[in-house]
Amino acid sequence: MQKIIILDFGSQTTQLIARRVRELGTFCEVLPYNKYPEDDTDVIGVILSGSPYSVNDPEAFQVDLSRFRGRLPLLGICYGAQYIAHTGGGKVESADSREYGRQQLVTICKDNPLFHGFDDNSQVWMSHGDTITHLPAGAQVIASTETVENAAYYIPAPQGQQSVWAVQFHPEVYHSLQGTLLLENFVCGICGSRREWGASSFVEDTVAELRRQIGTDRVILGLSGGVDSSVAAVLLNRAIGHQLTCIFVDHGMLRKDEFRNVMRDYECLGLNVIGVDASEKFLADLAGVRDPEQKRKIIGRDFVEVFNAEAAKITDARWLAQGTIYPDRIESLNITGKVIKSHHNVGGLPSDMKLRLCEPLRWLFKDEVRRVGRELGMPDTLIGRHPFPGPGLAVRILGDITREKIQILQEADAIYINALRDWGLYDQVWQAGAILLSEVRSVGVMGDERTYENPVALRAVTSSDAMTADWARLPYDFLARVSTDIINKVKGVNRVCYDISSKPPSTIEWE
Ligand code: XMP
């Protein structure tokens, strides 16, 4: 399949470039700047991302452009544009003032294929401390702003070779109003993408690939009730049917009726699922433990034990399937070159694991996973679910965990989540949940009686990837309704608060 390679120099918006290219029906891979593939037969173009570095920094990331330049169309974005200039005889200098924010392209060379269809004064988003003061050899300016003369340039190639384009602004961000058009011009117009990538082609290709890879082997998959593992299971089920066994562990800290409802959904989808109620073990091991990290460790350890014990019963299994998705795998580099995000899904696997890993969603972003789920005919109740943490309500009950506290929180959380659905707000937030502040008690009055009970905090955030999040501006009337319902209906709660902290500095979960 045709693909675009995006070489990542550590910019925060590299993933966004990939998102935009995929939205154009074109498969792309984000690779660390120095990992251009040996075999690039299917590659139709290369994009160089931005970076937190300056090209003049002695430690700046270097890339050997000769691996692809001239053979494939090349687009440099921000640092990418400056790097091509810097290494091609041009000059990049610290800008007098940091060029940041919205600007208009006051001159645009609309004859150039990169700017076909552009409007006059098209708005772009700049974010750089350096600027290109002299263009590299053979380059022509193709767009300027009031303050940035070399906002975009073009180096035409000799006959039989491919040209180079470069932009100092970020076409991938929302504020570059015709940024998607620019990327479309590059990916489809210049590189010649046939726009063959999409949910249905993904399902078709992946099912064929899984059949080839797995043959007649048996596969085990741990279901969590979340979107990723569920879509992975349904995809595998389509490919290999009952050679797949799914294991769904109930640790006793799921949402109200979650285990039963999710099991029912899975069975309706025709999955071969073993539901394991291990809540006794988890709650016994957690008894009296108050430290959040300790709680997480116990839950992680118990989960691996319970899962492995079940998996061991399937003696002829050869593969362990996981719902790992693309953002889990992309290695974002920070300024020191260290990996800041590592593959979290395999963290709990034993080092001597004999099973081979199968990760059919490893190329997909979250919303692509949802599209694939829809393509597979999965119900919206499963596909549109909010993320839910592996340790479940344990990280939403401050202090130690007891069955009574779990039950109180399940009731309050169910009122809140059902109300979000009833008010049509559920799909507007990334994630929501209630937290039992069981280490706190406050005085209240109910009827003529004094109460001295726990508060419940409500959390709802908007986000695109959970790395950063803002608190959701839910309507006051909605919050008032939920507060009244929780206090009236949930025994043990006499106060409701709404969490108005964003991430950073506050994490989404309280523990
Ligand atoms: P934080 O609290 O770090 O959470 O802002 C970011 C996202 O990750 C989820 N989360 C977890 N998911 N195991 C998981 O599978 C965990 O231990 C865990 N901790 C947090 C959280 O719900 C949010 O979506």
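Just so you know, ligand 1 is whichever comes first in the structure, and atom 1 is the first atom listed for that ligand. These numbers come from a predicted model, not from an experiment.
- Residues passing the side-chain hydrogen bond (donor to acceptor under 3.5 Å, both in side chains) test with Thr13 are Ser11, Glu172, sequence neighbours excluded.
- Taking the six-membered ring for Trp and thresholds of 30 and 60 degrees, Phe27 and Trp197 have ring planes inclined between 30 and 60 degrees apart.
- Arg19 and Glu23 are joined by a salt bridge, as a carboxylate oxygen and a charged side-chain nitrogen come within less than 4.0 angstrom of each other.
- An N or O contact shorter than 3.5 Å is missing between Phe388 and ligand 1 by distance.
- Inclusion of Gln431 in the set of residues having an N or O under 3.5 Å from an N or O of ligand 1 is warranted.
- For a threshold of 3.5 Å applied to N or O pairs, the pair formed by Gly390 and ligand 1 contains at least one separation below that value.
- The aromatic rings of His251 and Phe282 sit perpendicular, their planes meeting at an angle over 60°, well past the 30° parallel limit.
- Listed by number with element, the atoms of ligand 1 under 4.0 angstrom from any heavy atom of Arg296 are 16 (C), 17 (O), 18 (C), 19 (N).
- Legend: salt bridge (Lys or Arg N to Asp or Glu O under 4.0 Å) pairs involving residues 417-430, not counting sequence neighbours: none detected.
- Atoms of ligand 1 lying under 4.0 Å from at least one heavy atom of Lys503, given by number and element, are 1 (P), 3 (O), 5 (O), 6 (C).
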